[in-house]
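Okay, so here's the structure we're looking at.
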Amino acid sequence: MRNGLSKDLIARVLGGAPKYTLDELEAKFPERGLGDGAFVTRFAPSPTGFMHVGNLYGALIDYKLAQQSGGVFMLRIEDTDTKREVQGAVDVVKNAMANFGLKYNNDEKYGPYYQSKRKDIYHSVAAYLLEKGLAYPCFLKPEEMDEIRKKQNAAGFATGIYGEWARDRDLTEEEIIAHLDNGEIPSIRLYSTGNPNNRIYCKDAVRGSISFPENNEDLVLIKSNDGLPTYHFAHLVDDHFMRTTHVVRGEEWLPSLPLHYQLFRTMGWTPPIYIHTSTLDKIDAETGKQRKMSKRKDPECNVAFFLQAGWPTEAVIEYLGNILASGYEEAKMKGMVKNYWEFEMKPKKIPMSGALFDMKKLEWWAKEYIATLPVPDLVKFVVDWAKEYGNEDNKKQVENIDYLTSVLSIERDNIKRIRKDFITWQQTLDEVSYFWDFLFVPNKEYEYNRDVLREFLATYNAADDKDTWWNKIVAVAEKYNIKPGEAAMNLRVAMTGRTNTPDLYSIMSVLGEKRVCNRIEMIL
Ligand code: GLU
């Protein structure tokens, strides 16, 4: 501890008198009074314009913990890095949240939820620390800090502003005033009394107790250039006054944990429970080795990718949910739960390292999910996707909703034998593209038995029921001495251009008489 600053000096240092006392803040943001065991969580992205699938994973944990415990899930925008501001970046986040069903509840009472709008609150807490001698104004300029870093590197010391390197830590009031009179604007630094030879014990809900050397760095709490807080200070202040019970964040924050414990202790506040999530990895296609997903190499790193490519968002959630809470797949397959929202997730089971995100596995979840959709829902998803993200062809495919509905109804009436070849909305439209003449690509390689096709056409009647239709195929096959399956294959390829399709009778019924006749005649 050092000598605290006088109220007048604090006001000069912070560029204005603090708006609140600590007691006033406590009263303004009271305990939430939720039921026992209710989790208060928040998703706290920095708006960069890019949402990583790992962020979605974290947000899902936040949402789920709050949802299943009758708690509160907040969205807090960490926009304190004014140098990195990106237009429309918050919309990217909000759009993803809406699409993936992660509803947040930003009760005004605990707001504002943009850190850039909470300056008064940060400054009030900083004022308290300055008054108590737990923080101090630092007038080091960037060049001076560079100089210090060079010296530290040369001498083999840890870099940073600490101990005797912290030039301004014990400035007197007169010295501070002299700097201010000189027009200098300070940053506010923590007056650290930590000793790296001691250890501090911190808790992570998944990893258990972890000890770290105590922090001795006088970390910046309030930046000099814009008066906004650093991540560390904003985390302390916001998660205390928003009454967050559980902080879910990436494991890259684990090394900052001792500092955060120190900050909470300095304030005499109880730290939240931390859950540090592992990065999402993938198996590298070339090396076969597990590695972090990469923004540069992996399009699926970007949440927007799933929306653009028409992945069912619910299936993405289920797959992420299965990664973070093993046991979900089994519960779903056994019919114990209908979807991820009904599943009780145990925070202790969240993987500590190397969670694998595998697009092949996601395909399986997507196929299963689409297979359970009632046709009208499937149609709606496909149409909505095509209108927002589809190409011109896709848009034409969804013009006639009745026809699209018949196309997508094929092999979906028998619950035990529902087709499972639809993966994304985009791929669904590609998969059934042959139903539209402008997309149909006749198969020119196939060696058709033209006699069979001609003969079938002569007897074809669009009104035939399935048995009559089949008997006609059998009759033609007998006449030309081939197997009925082979005769049917000729028809299948003529109708669709493909050798592998769902039920041929259904396909021909949906295509209708005109298309069926045209396609056979085209080959003849
Ligand atoms: N803005 C921080 C990030 O994006 C938030 C970390 C946290 O959740 O506390 O990494």
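Just so you know, residue 1 is the first one in the sequence shown, and it goes up from there. We count ligands from 1, going down the list as the structure has it; atoms in each ligand are counted the same way.
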- Query: Would you find a donor on one side and an acceptor on the other, under 3.5 Å apart, between the side chain of Y104 and the backbone of V72?
  - Reply: no
- Does the separation of the ring centres of Y328 and Y340 fall below 6.0 angstrom? yes
- Task: Enumerate the protein residues lying less than 4.0 Å from ligand 1, judged by heavy-atom distances, in chain and residue-number order.
- Result: R42, A44, S46, E78, Y231, V248, R249, W253
- Item | Side-chain donor or acceptor of S69 paired with backbone N/O of F39 under 3.5 Å | yes
- Is the charged tip of K103 near the ring of Y63: under 6.0 Å from the six-membered ring centre and within 45° of its axis? no
- Query: Mind checking whether W269 and F241 have parallel, tilted or perpendicular rings, split at 30° and 60°?
  - Reply: perpendicular
- Message: Check the orientation of Y274 and H276. Use parallel for under 30°, tilted for 30 to 60°, and perpendicular for over 60°.
- Response: parallel
